[in-house]
Structures are given as C-alpha cells and as structure tokens.
Protein chains: 4
Amino acid sequence: MAKRTGDKYRNIIEAAVKVIAENGYHNSQVSKIAKEAGVADGTIYLYFRNKEDVLISLFKVKMGEFTSLAQKELDAIQNPFAKLAKLIGMHLTRLENDRHLALVLQIQLRQSDASIRNAIAEPLKDYSRLIEGMVSHGQNEGSFRKDIGLKLARQILFGAIDEVATSWVLSSKNYSLSAQIEPIYRVLAKALSTDGRHPDYPF
Amino acid sequence: MAKRTGDKYRNIIEAAVKVIAENGYHNSQVSKIAKEAGVADGTIYLYFRNKEDVLISLFKVKMGEFTSLAQKELDAIQNPFAKLAKLIGMHLTRLENDRHLALVLQIQLRQSDASIRNAIAEPLKDYSRLIEGMVSHGQNEGSFRKDIGLKLARQILFGAIDEVATSWVLSSKNYSLSAQIEPIYRVLAKALSTDGRHPDYPF
Amino acid sequence: MAKRTGDKYRNIIEAAVKVIAENGYHNSQVSKIAKEAGVADGTIYLYFRNKEDVLISLFKVKMGEFTSLAQKELDAIQNPFAKLAKLIGMHLTRLENDRHLALVLQIQLRQSDASIRNAIAEPLKDYSRLIEGMVSHGQNEGSFRKDIGLKLARQILFGAIDEVATSWVLSSKNYSLSAQIEPIYRVLAKALSTDGRHPDYPF
Amino acid sequence: MAKRTGDKYRNIIEAAVKVIAENGYHNSQVSKIAKEAGVADGTIYLYFRNKEDVLISLFKVKMGEFTSLAQKELDAIQNPFAKLAKLIGMHLTRLENDRHLALVLQIQLRQSDASIRNAIAEPLKDYSRLIEGMVSHGQNEGSFRKDIGLKLARQILFGAIDEVATSWVLSSKNYSLSAQIEPIYRVLAKALSTDGRHPDYPF
DNA sequence: CATGAATGAGACTTCATTCAT
DNA sequence: TATGAATGAAGTCTCATTCAT
C-alpha cells in the first residue's frame, strides 16, 4: 500500500527534515511537510502509513545511510585508534555538514513519544553494534583495555560524542564542531587505551 | 499570584513525578496530576502559572536539591579523583533510588517542547558549573590534564554518565545501576588523568 | 466520566433530534448540534462519550420513553383487540406529533452504520417483547389465532406499521397519519383474529 | 459517456454487491470494488457517472430483473390468493437464494444517504405498482376486501414481508426464510380476504 | 478503452485554562 | 483558598474523482 521508494519518497523525507528543523517537532503539521515537498497532503499517505511513519522512515533512512557508510570506512582501517578517530570524525562531520539534520536528530526527534522512540531504537542498535564491534576489535588486538564491558564502553563513547553534538546544535555561538574532533579523540583514546598511551589523531 | 511553597505545592510536584513516570509525558493531563495530588484541577493554578510551570518547577526543585547536595559533598573532598568518583556515584545513586524520578528526568521530560527545554536549561547550567568546577580544580591541582577545555571535559563527563543512566532506565532487564559506578569511574578517571594513572575508586 | 443526566443532557439530545431531522444524518456535525444546544463543542463530550453515543442515547431515551408508556397503557386494557388498536394508535400518534423525531427514527438513524444499529437493537428488542407479549396474551385469551408464531406475528405487525409510518414521513403530501390508524387496525385485527371477526376500532 | 452495457458493466455491479455485502456500505471504497471487478479505479468511471451511480444502477438492475420476472409470473396466474402466494414466495426466495444481495438490499443500501435513497425510489415504485395491481385485481374480482385503500394495502403487504426478510438477514441463526412463506401467506391472505376465508397456500 | 498516481476538502475529539460559586 | 463545569482551538487522515499516458 505504501510505496517506500521513488523521488517523491525522498522529497517528502527531505521536506520533513527541513520543516521539523525549522518549526520544531510539535509544530510540524503534515500539511507543512506536504507543501514543502511540493505534493498534496494526501500524497504523503501514498508513501507513508501515517505521520509517525514519516518520522520513523526519516530516521531509518538517515541513520541507515550513515551506519553503513561508517561501517565501510571503519572496515578499511586496521588500527583501533584510527578506527576510533574515524568514527568520531564521521559522526560529528555528518552533523556539522547538515545542520537541519543535526537539529532533527539531536533535538526534535527526541521530543517524539514512546512509539516513535521505540521504532527508532532499531537503527540505533545497528549503530551500537558498530561501536561495540570497533571496541571489541581493539580489545582483541590488544590496544584497548579489557577491564570494561563492551556495552559500557559503547555507552560512554556514544554518550560523550552525542552530548558534544547536542551542545553544538543548541549553542547560539557558531563554533566549529569538527574542531572538537581531535580533542575528543584524545580524551576517549586515552580512556580506552590499555596503558594510557595512544597515537595522535591520524586524519 | 502563584504560591511557590506549602504542602500542596510539594504534593503537586510529587504527584506530577508519579503521573508522568507512570503515564508518559504526553499522557499526563493536568486533571490526572490534580487527582493524584488530591486537589481540584483549578487548585493547580493557585500554585503554578500553568502546566508548563509545573514541569519546570518539578525539574528545578529536583535538580536544585541534587546540585546543592552534590556541591556540599564535593566541597568536603580534596582529591580530584575522589571528587570525580563521588560525582558519578551520587548521580547514578540518586537515579537508582528513585526510578520514577529517573524515568521523568531521563526520558519523559526530554519529550517536552522547546519552551520547557529552555527553562530547564538554567538548573542544568548549575550542574554544568559544578562539573566544570570539579574539572578545573583537578587541572589546577595537577591531577587532570590541561589539554582539554573545561566545556569539552564537562560535555564528555556528563554525556557519558547521562547515557549510562538513560540506557539503564530504558532497559527491561533489572540490572544494578550503582554497580556501574566503579567501572565508569575507571574509564573517566583515566580519560582525565594527566598521565593515565589514577587511584582506585575510593568509596 | 460522562454525566448522563441534567438539563444539558436533555438539551443536547433534543438539539440532536432537530439538527439531524433538518440536515440529515451525514450532515449533522457535532459543532452543529452543540450550537443548536447552546453549548460549546467540548461540552458534548462531558455528557457523551462521542458522537455515536449521542445518537445511541437519543434513540434509547426516545424509544425507552415510548415503550414504557405504551406498556403502561396496554396493561390497563384487557381486550386483545383493544390492545392492538391502542398500540397502533400510540405508535403512529407519537410519530405524527413529532415530525422531527419521526424523520430521525424512520429515516436518518437507519443510515447510521453497523455499530450504531447494533446499539440500537437493544431498545428495539424491548419494543419487540412488548408486541409479542400483546400477541401472546391474545392467543391465550382465545381472540388471536394460534397457528402463527409469536416472532412472525410481531414481524408482520411491526413491519406493516413501520412501513406506513415511513411512507408518511417520506411523502411530500401532508396527509394525516392518525387517519390511517383505524384502517390499519381493521387489516391487522382481521389478520390476527381467530375467526376473521373482530370488534370495531374502540377509540 | 457512460456505457451502460457490456461484460465489465455487469462485472462491476456484481463486484459491488459482493464488496458491499462483505464490507458494509461505509467500508466499500471505489478502489475495493474496482479490484474485485478486476479493473482499474478509473475504469469504473467509464461505465458509471460516479460511485453513487454504481449503487443506484445495482439497485435498478437487480430490482428491475426481479420486478419484471414477478410481473410475468403473476400475469400467468388468475386467482388473487394464488397471486399473493406467488409474490410472497418469489420475494423471499429471491433473497434466500442470494444472501449477498439480501444483505445489500435489506441492510447496506439503506445506510446510503438521501440522494441514493431518492434514486432508489423509482424502481421501488415499479414494485409498488405491481403489488397494488395485484390487490386491485383481487378487489375487482371480489376476493379481496374493498374497505382499504390500495396504497395502505401495499404498505402493509410490503412492510410485513420486508420486515420478515430483514430479520432473517440480521439473524445469526441460520433458519430457512422460505419456510416462512406459507405462514406469512396465511396471515396476509386472511387480512386481505373479503370474508376472512382463503384457499390454502397453493405452491 | 484502460490505467492508477495524485489530489484536497472536511470533521471528530482532546485538554489546558477560566471563573462563578 | 478551593472547586470543577464549561470552554473552543486545532490537526490527522480518508477516499471519490481526475487526467496524463
């Protein structure tokens, strides 16, 4: 019933990102999104089950694209610290390059209610697995300490990076987010490193 | 116009915590809170400007109590690492001891819209200052590295702890949150430490 | 939650009868009914669960009043033919005296969908029982033939009277419905009578 | 513009009967009927002016077929009571033999709104004329009483038979409708008969 | 003849807030 | 102080119909 592909599908998702970023989650009516996408209200419902489905799809598409790209890039790197550096860099660069998306992901979508947060959990889990895989590799390879659980390590890494991103989005000052990549790397690399030593940020 | 003290004032705030924890943010109507508090709907408006004011007050009161208690306890400790350990411990213990409050602070209140998040920012800033003060003291005292900014250090510390707390609240498994205190301390202490070395968790 | 008594409750039901009679079932919005009743839209929902509930209540109240009045009047009469005459008379007189109600009961409410028709079934059953009781009494007393089942007798009586009423409501000519009472009586009395004989219409 | 013949025309009408019988009037969308008929949505509009026209045509076709067949059969019979018996028999047998059609005619189509009921009136009038013709013949021939108007007689006959049919369709028990033919005949024959006497059901 | 993607009008219901008592 | 009945604004989604192909 709901076509999940095609130009209009993408248009609507991009329109939703823009509208939500500019108006906030609770002030983004379907009619606004439709107008921004250049389609009729009803057309939204040819591509999505309901409004919630637009938001969930938005998250799945954006998050899915990022996770699979990140996975590919990380796989191309051997050194655990370089992997870590790459992950932090990609995460923050992605957000810095699309402020609309950053607003939506870091702020607006978190105002959604339980059912959306639930559906969002799945693509987030893929990202969690990606991070845990990276940590696990570092531990097996000997670079990362083994005295902390994968889950905890992932929570700390994700929590730290996520908070930095959120602060950046909320800040009225227009500072560079990517400038934070190297210092964050230095903190987190030391935190994970077996002996407190780690190579410089490699990129 | 709005009395900000008295039994009823506290009753209403506690009722709000319970109702929001049990019903979720978007399903916590004023009438539900009033019923839980044992007062009439209209009475709420004798103590609070509007519904938003109830939520903001809730956050201010709970966060204010915690921050001032934490400040007192940290002031009584000299060693920067012990301060860090104490902070992590208090933060997580407070949430573990009041699951209702944890649900509201970590999940539900984050679904509120811009105006509430804005008002919430202020008491959060007090907590930010507390953390930054702690880091600053450690840097001046020589225990904490000086090559990262206060703000970044605070974001990383808060982000990491906050994410651990959120994961705990959302988890269906009933694991102990306080059991995480020591491992988190080990990670964050090493992250901040000048040379990668740090004392064991002291409590 | 929904108060089912009071002046406003009656006002809303009477308003619904008027609005539905004048606008037809599918063109009777809640806002129209509220305006006619002199209350705000939301007030409807203090007295009724939803729009459907207004319609169902309308039917229950009107039908209930009629059935219990009819029961009382029939109980006061002994002769089976006189009972039959009274029933036909009350049924048609009630509708003739309130053309709005007649329109709603005979035409508009029958356009409602399954769930309403379902809820409406119960008060209709009370009326069915009333008719069957009357027939049964006549059979036991010897005036009415015993070679037809109660249910069939009731269907024929109700169907005949109902169709006469419906035709009257739909007719553009303004003829008298009560003038039909006596002829209908003559037909149905003969139909039921043991030997084809029956007393004249007694009222 | 609208072709009113051809296989597709019939297909669509039969599809409409099936879809409406199975889904109810208010849940029978044009797209459902089109799918059931094996044509595209737009094709419906090559054969019918609009959705309403489908329903009206359905009624006209089905009712027209029945009325003309009934007319032919009645014309072949001389005796007024036999004509009456034949009419009751054909009416109920037709419905019993096509439960889908019975559902649509007795229940679903009555939920339609004024404009459809209006258009439906015309083929119904043909049936009314048929019944009135039969009564008139019986009166002239001396078998049927002359002290009731044609219109009233028709209303009573149709109302009684129609109610019996409706009750049968709505009933969850699977009883035989045709088994009712003979008893109904006995009631209505006596009701119409000049002297209360009438021949037995002849078929 | 046939398709089916796109259109866009229209209404029920919730719930924060007020104010007469 | 306290009550709670009344208010009324605001948004999602369905589906009959069209028209370019």
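In what follows, every chain begins at residue 1, and chains take the letters A, B, ... in the order their sequences are listed. Values reported hereafter were calculated over all heavy atoms of this structure, with side chains retained and with hydrogens, waters and symmetry mates removed.
Using a 4.0 Å cut-off between a side-chain N of Lys or Arg and a carboxylate O of Asp or Glu, A/R10 and A/E14 qualify as a salt bridge.
Atom CD1 in A/I33 sits roughly 11 Å away from atom P in F/dC13 (whole-Å rounding). As rounded to whole Å, 14 Å separates atom C1' of E/dT13 from atom CD of C/E52. What separates NZ of A/K32 from P of E/dG8 is a distance of 20 Å, to the nearest Å. Between the OH atom of A/Y25 and the C1' atom of F/dG11 there is a distance of 13 Å, rounded to whole Å. Rounded to whole Å, atom P of F/dT12 lies 10 Å from atom CG of A/N27. If you take CD1 of A/I44 and P of E/dA9, they are 16 Å apart, rounded to a whole angstrom. In this structure, B/K35 atom NZ and F/dA5 atom P are separated by 12 Å, rounded to whole Å. Distance B/D7 CG to F/dA2 C1': 16 Å, rounded to the nearest Å.
Remark: C/T43 is not in phosphate contact with F/dA6, judged by side-chain N or O atoms under 4.0 Å from OP1 or OP2. Regarding contacts with the backbone of E/dA5, every side-chain N or O of A/Y47 stays at 4.0 angstrom or more from both OP1 and OP2.
For F/dT21, the paired base is E/dA2 (Watson-Crick or G-U wobble, both distances below 3.5 Å).
Each of B/V39 and A/D41 has a nearest nucleotide on DNA chain F; the 5'-most of these lies closest to B/V39. Residue A/G42 is the one, among A/G42 and C/N50, whose nearest nucleotide of DNA chain E lies closer to the 5' end (criterion: closest heavy atom). Nucleotides of DNA chain F nearest to B/K8 and A/H26 differ in position, and the one nearer the 5' end is that of B/K8.
Considering only the side chain of B/L46, F/dT3 comes nearest among F/dA6, F/dT3, E/dT17. Distance from the side chain of B/Y45 is smallest to E/dT18 among E/dT18, E/dT14, E/dA9. Nearest to the side chain of C/A40, among F/dG8, E/dA2, F/dA2, sits F/dG8. Closest contact between the side chain of C/V30 and the listed nucleotides F/dA2, F/dA6, E/dC12 involves E/dC12.
D/F48 and D/Y9 have parallel rings, their planes meeting at less than 30° on a 0 to 90° scale where 60° marks the start of perpendicular.
At least one side-chain heavy atom of C/K8 sits under 4.5 Å from a side-chain heavy atom of C/V39.
Across every non-hydrogen atom of C/I20 and C/L58, the tightest pair is CD1-CD1, 4.3 Å.
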Quiz item: Yes or no on side chain to side chain donor-acceptor pair (under 3.5 Å) for B/E52 and B/S115, after CA distance, side-chain angles and deciding distance?
Solution: CA-CA 8 Å; B/E52 203 175 289; B/S115 62; 3.0 Å; yes
